[in-house]
Student: 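Below: one structure in structure tokens.
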Amino acid sequence: MSTEVADTTNLSEKKDFLVRSSSLKDVRSFSREVFEKFKINEDLREELVLAIAEAAQNIVKHAYKDYPDTQDRMAVRISCTEKELEISFFDKGKPVEKSKVKHRAIDDVKPGGLGTFFIQEIMDSIKFKEGDKPWINNLVLTKKL
Amino acid sequence: MTYKVTEEGDTSTVFLDGEIDMDKTEGAKEVIFPLIDAGKNVNLNLSNVQYMDSSGISVLIESHQKALEKGTKLIVKDVSKSVLKVIMMAKLEQILNLE
């Protein structure tokens, strides 16, 4: 885990993980450690952990759908100012087709399609960007504090 | 995730333990689905599950729907506060049988 400290009110931590479903518990552990270090409100922490884990899960399930045995890694960066938390995800998988990123209708009860809904419910903004090399995708989530 | 199953008459109680995510859902299904397929009513005790993501919620929905199809009942019991929050976020508190 790398720590970048720009000033006393701007903290950032980044870590990379093998793109596998078995990495999701490590993504959660990293997130919990960072939120504790950044002294994020305890009531908010587990919601944020869920949003982060859902976004990481989407990378495994969708960006690497056809490559379950990939050795590629994905990176998660959590940055925090006094007013805002920014969480960035970087991966080298299939480029995200923004028009296809949507959750199922919430009253159409069936398995699947809730991950993106949870992210939208928890976070204030979701932006898909092209990643700077070597990354292909860069998802940026923000939450006002 | 670990689990324990107890039997009483035509009801099986499944005690799940740990964090249920995409990596654990197949294991959860392998425990729950055969009980429903065998015509058992299933109590799913989640008191020791402290984290559940959308994949875990999908297992609850699938189990609930499978029980309806088979004419049995799935009751989700003793849900921890953190998991209840996720169930409510998915607006499933009126759909699932919660006790």
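Sequence lines set the chain letters: A, B, ... in the order given, protein chains first and strands last, and positions in each chain run from 1. Just so it is clear, the model here is predicted, and its values are computed rather than measured.
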Student: Do any N or O atoms from the side chain of A/Ser23 and from the backbone of A/Leu18 form a donor-acceptor pair under 3.5 angstrom?
Tutor: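 Checking the backbone N and O of A/Leu18 against the side chain of A/Ser23, a donor-acceptor pair under 3.5 Å is found.
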
Student: Would you mind checking which part of B/Leu60 comes under 4.5 Å of any heavy atom in chain A, side chain (CB onward), backbone (N, CA, C, O), both or neither?
Tutor: neither

Student: Side chain from CB out, backbone as N, CA, C, O: work out which of these in B/Val86 comes under 4.5 Å of a heavy atom of chain A, or both, or neither.
Tutor: both

Student: Between B/Glu26 and B/Lys29, does at least one N-O distance fall below 4.0 Å, as a salt bridge requires?
Tutor: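 Yes.
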
Student: Is a side-chain donor or acceptor of A/Thr81 paired with a backbone partner of A/Glu84 at a separation under 3.5 angstrom?
Tutor: yes

Student: Do the charged groups of A/Arg32 and B/Glu19 touch, with an N to O distance under 4.0 Å?
Tutor: yes

Student: Do A/Arg20 side-chain atoms and A/Thr70 backbone N/O form a donor-acceptor pair below 3.5 Å?
Tutor: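 Answer holds: yes.
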
Student: Please say which of A/Asp72, A/Asp91, A/Asn58 ends up in a side chain to side chain donor-acceptor pair (under 3.5 Å) with A/Tyr64.
Tutor: A/Asp72

Student: Report the option among B/Met89, B/Glu62, B/Lys91, B/Lys85 that has the most heavy-atom pairs separated by less than 4.5 Å from atoms of chain A.
Tutor: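 Option with the greatest count: B/Met89.
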
Student: Considering only heavy atoms, which portion of A/Phe118 lies under 4.5 Å from any heavy atom of chain B: side chain, backbone, both, or neither?
Tutor: both

Student: If we ignore hydrogens and angles and just use 3.5 Å, is the side chain of B/Asp78 paired with the main-chain N or O of B/Asn45 as donor and acceptor?
Tutor: no

Student: Taking non-hydrogen atoms and a cut-off under 4.5 angstrom, which of residues 121-128 of chain A neighbour chain B?
Tutor: A/Glu121, A/Ile122

Student: So for B/Gln65, is it side chain, backbone, both, or neither that comes closer than 4.5 Å to the heavy atoms of chain A?
Tutor: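 When you check distances to chain A, only side chain atoms of B/Gln65 fall under 4.5 Å.
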
Student: Could you tell me whether a side-chain N or O of A/Asn138 sits under 3.5 Å from a main-chain N or O of A/Phe90, the two making a donor and an acceptor?
Tutor: no

Student: Which region of A/Arg28, side chain (C-beta onward) or backbone (N, CA, C, O), has a non-hydrogen atom less than 4.5 Å from a non-hydrogen atom of chain B, or is it both or neither?
Tutor: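 Side chain only.
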
Student: Please identify which of these residues, A/Lys92, A/Arg77, A/Arg73, meets the salt bridge (Lys or Arg N to Asp or Glu O under 4.0 Å) condition with A/Asp16.
Tutor: A/Arg73

